[in-house]
Asker: 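My questions will all concern the structure given below.
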There are 2 protein chains.
Amino acid sequence: MTKTATANRKSAERAARQELILQGALAVFREKGLEGAKIDEIARVSGFGKATLYYYFSSKEEIFSALLLNGWRSLWRELEEIARGDDSPRTLFISMLKKIVELVNTDRPLYEFLFQAPQSFTPEENERSEWKVYQNRLYKVLMELIEQGIQEGEFPEMEPRLIMRAMGGLFHGLVFLGKDRKSITENEIEEMLGSLLGKAGQTK
Amino acid sequence: MTKTATANRKSAERAARQELILQGALAVFREKGLEGAKIDEIARVSGFGKATLYYYFSSKEEIFSALLLNGWRSLWRELEEIARGDDSPRTLFISMLKKIVELVNTDRPLYEFLFQAPQSFTPEENERSEWKVYQNRLYKVLMELIEQGIQEGEFPEMEPRLIMRAMGGLFHGLVFLGKDRKSITENEIEEMLGSLLGKAGQTK
DNA sequence: CGATTATTCGAACTGTGGGTCGATATTAGC
DNA sequence: GCTAATATCGACCCACAGTTCGAATAATCG
């Protein structure tokens, strides 16, 4: 058993070091943007030699990808649970967005990265990427909630895609826009969403 | 008089060539993103040698800046007129956004660039830039309309900055999000804004 | 202990891309 | 036509940043 135990510890340590590197990388991306982040600086910030980064990751791009993948995957896991609830579409929809707000307020740098980094890639690059799978699942669930919600009269009768875009933009604006990084409260979000979606069924 | 006439023509031609270069640059930015756009490619697309670009512009960054400055300045001029009208704050506010939609539908690549390129710079870089002046004027006018609108009961009673963010996000979502580049209509915008702002005073 | 393997790292390599040079062509003015 | 200014351009330069190398150190195991 000794062999396995040691191997486990080693692989755990390896993962922990990868995590350290990712944290450093995130800090640098946040400050310098995607292209502005230099490998040397990531190495310095995370406290490893430059070559060591390449011992754990095969390229700069892989570091990006790992950050995005981890982030979107864990975000999806949090939201998946909520989506499985059996409340009305509108309630579920709002709960999910409120959950995202809660998470953002927990670790703003991470979520700013998750929501803004993708714009730095070309659409083709994005299609191929692992993390996109989880983002797509999230979008799909939200779209379905909107469609069901419309049928049940809980959402305004408009093109679902249009509502999706409007809600996405509204949400993004409230949570991420503005230089004053004051966190938004769940109540504020709820109020805004409520007025956009109309009062129908809101106090159900 | 010959001298002046010739000089005029020359400077007009010079401006026209600059314009050609800017058009090429915009096309490349649109496709490749800001960092992905190479000077060599801009030169190729706009039909000049690389060195010629540097005969008209002193750096790659100056090309960016010129695009942004031209764009935001002309956008501001269009909107300034509207802002001077003497309708109610809410009507003015909505007219301005509808005007932007109209312009976007005229030249989508340009406006996508205008609204998205700034994110590629660090905040400090943005502060120093010429074009930011016009963007700030626009934001200021919109904020004032919101503040007045609240006093006159045409807008919901919330923090103006919050309303601004919400409207900005909503607008951006509707106009620019989504891969299907189908243009949005002014009516759709009006409907969305209307429901977010509430019915109060809408049918004034 | 050796010896084999895992880890770390600064130095060196290399491709890329922004910017410059010098030579050439084109135009303007007389 | 001749000269000076204007315009054009491909080849070159060089700094930078991602990546690799090779050596050195630390951990594992028999």
Side-chain angles (χ1 to χ4, degrees), chain A residues 1-25 27-29 31-67 117 120-122 125, chain B residues 1-25 27-29 31-67 117 120-122 125:
Chain A
M1 256 301 181
T2 314
K3 209 162 68 180
T4 330
T6 309
N8 281 345
R9 179 172 59 78
K10 294 230 92 165
S11 93
E13 280 175 358
R14 193 182 162 85
R17 276 176 227 126
Q18 287 199 0
E19 186 50 41
L20 278 177
I21 293 172
L22 290 179
Q23 280 177 23
V28 177
F29 294 153
E31 191 179 357
K32 301 292 178 64
L34 207 43
E35 310 284 337
K38 314 298 177 205
I39 289 279
D40 289 84
E41 191 173 359
I42 296 176
R44 193 173 49 72
V45 170
S46 47
F48 290 91
K50 174 157 61 161
T52 306
L53 264 58
Y54 283 89
Y55 184 74
Y56 288 97
F57 296 93
S58 69
S59 70
K60 183 182 176 183
E61 205 184 318
E62 197 187 296
I63 297 179
F64 295 164
S65 302
L67 271 172
S120 310
F121 296 110
T122 70
E125 284 171 326
Chain B
M1 261 292 182
T2 313
K3 211 160 68 180
T4 329
T6 308
N8 281 344
R9 179 171 60 78
K10 293 232 92 163
S11 92
E13 280 175 359
R14 194 181 162 84
R17 276 175 227 127
Q18 288 200 359
E19 186 50 40
L20 278 178
I21 293 172
L22 289 179
Q23 279 175 27
V28 178
F29 294 152
E31 190 179 357
K32 301 292 178 65
L34 206 41
E35 309 284 335
K38 315 297 177 207
I39 288 280
D40 290 85
E41 190 174 0
I42 295 176
R44 192 173 49 72
V45 169
S46 47
F48 291 90
K50 172 156 68 160
T52 306
L53 263 60
Y54 283 89
Y55 184 74
Y56 288 99
F57 296 94
S58 69
S59 69
K60 185 183 176 183
E61 205 185 318
E62 195 187 296
I63 297 179
F64 295 163
S65 302
L67 270 172
S120 310
F121 297 110
T122 70
E125 284 171 325

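Below, all heavy atoms of this structure are taken into account, side chains as well, without hydrogens, waters or symmetry copies. Keep in mind that this is a model prediction, so the values were computed, not measured.
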Asker: Closest approach to the side chain of B:Lys60, judged atom by atom: which nucleotide of C:dG18, D:dC9, D:dA7 is it?
Answerer: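 Closest nucleotide among those given: C:dG18.
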
Asker: Calculate the interatomic distance between B:Tyr56 atom OH and D:dT8 atom C1'; express it in whole Å.
Answerer: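 Whole-Å distance recorded here is 8 Å.
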
Asker: Across the strands shown, which category fits B:Ser58 at heavy-atom distances under 4.0 angstrom: base, sugar-phosphate, nothing?
Answerer: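 Nothing, no heavy atom under 4.0 Å.
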
Asker: Counting any heavy atom closer than 4.0 Å, what does B:Phe57 reach on the DNA or RNA strands: base, sugar-phosphate only, or nothing?
Answerer: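 Nothing, no nucleic acid heavy atom in range.
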
Asker: Would you indicate whether the side-chain heavy atoms of A:Phe121 and A:Phe64 approach each other to under 4.5 Å?
Answerer: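 A:Phe64 vs A:Phe121: side chains touch.
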
Asker: Which pair of heavy atoms, one from B:Ile39 and one from B:Leu53, lies closest together, and at what distance?
Answerer: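 Minimum heavy-atom separation between B:Ile39 and B:Leu53: O-CD2, 4.1 Å.
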
Asker: Compare side-chain N and O positions of B:Tyr55 against OP1 and OP2 of D:dA7 and report whether any pair is under 4.0 Å apart.
Answerer: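 Yes, such a contact exists.
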
Asker: Just how far, in rounded Å, is C1' of D:dT19 from NZ of A:Lys38?
Answerer: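 Value for this atom pair: 15 Å.
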
Asker: Of the nucleotides C:dT8, D:dT19, C:dG18, which has the atom closest to the A:Ile39 side chain?
Answerer: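 Of the candidates, D:dT19 comes closest.
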
Asker: Would you mind reading off the distance between B:Leu53 atom CG and C:dT20 atom C1', rounded to a whole angstrom?
Answerer: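 After rounding, the reported distance stands at 14 Å.
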
Asker: Rounded to whole Å, please give me the gap between CZ in B:Phe64 and P in C:dG19.
Answerer: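 B:Phe64 atom CZ is separated from C:dG19 atom P by 9 Å.
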
Asker: With distance as the sole criterion, do the side chain of B:Lys50 and the base of C:dG19 form a donor-acceptor contact below 3.5 Å?
Answerer: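 Checked by distance alone, the answer is yes.
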
Asker: How many Å lie between CZ on B:Arg17 and P on D:dT6, as a whole number?
Answerer: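 It is 12 Å, rounded to the nearest whole Å.
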
Asker: Where do B:Gln18 and B:Tyr56 come nearest, in terms of heavy atoms and distance?
Answerer: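 Closest heavy-atom pair between B:Gln18 and B:Tyr56: NE2-O, 3.6 Å.
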
Asker: Where the side chain of A:Ala51 is defined as all heavy atoms beyond and including C-beta, which of D:dT20, C:dT8, D:dA7 is the nearest nucleotide?
Answerer: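 Selected nucleotide: D:dT20.
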
Asker: Would you please confirm or rule out a distance under 4.0 Å between OP1 or OP2 of D:dC9 and any side-chain N or O of B:Thr52?
Answerer: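 So the side chain of B:Thr52 is within the cut-off, an N or O lying under 4.0 Å from OP1 or OP2 of D:dC9.
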
Asker: Which heavy atom in B:Glu35 sits nearest to a heavy atom in B:Lys60, and how many Å separate them?
Answerer: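 That closest heavy-atom pairing would be O-NZ, 4.1 Å.
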
Asker: Starting from P on D:dA17, measure out to CD on B:Glu35 and report it in whole angstrom.
Answerer: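 From B:Glu35 CD to D:dA17 P: 11 Å.
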
Asker: Starting from C1' on D:dT8, measure out to CG on B:Leu20 and report it in whole angstrom.
Answerer: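 In whole Å, D:dT8 C1' and B:Leu20 CG are 15 Å from each other.
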
Asker: For A:Glu13 and C:dA6, give me the distance from atom CD to atom P, rounded to whole Å.
Answerer: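 Rounded to the whole Å, the gap is 14 Å.
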
Asker: Within less than 4.0 Å of OP1 or OP2 of D:dC9, is there a side-chain N or O belonging to B:Tyr54?
Answerer: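 B:Tyr54 to D:dC9 OP1/OP2: no side-chain N or O under 4.0 Å.
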
Asker: So, do B:Phe29 and B:Ile42 sit near enough that their side-chain heavy atoms are less than 4.5 Å apart?
Answerer: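 A side-chain contact under 4.5 Å exists here.
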
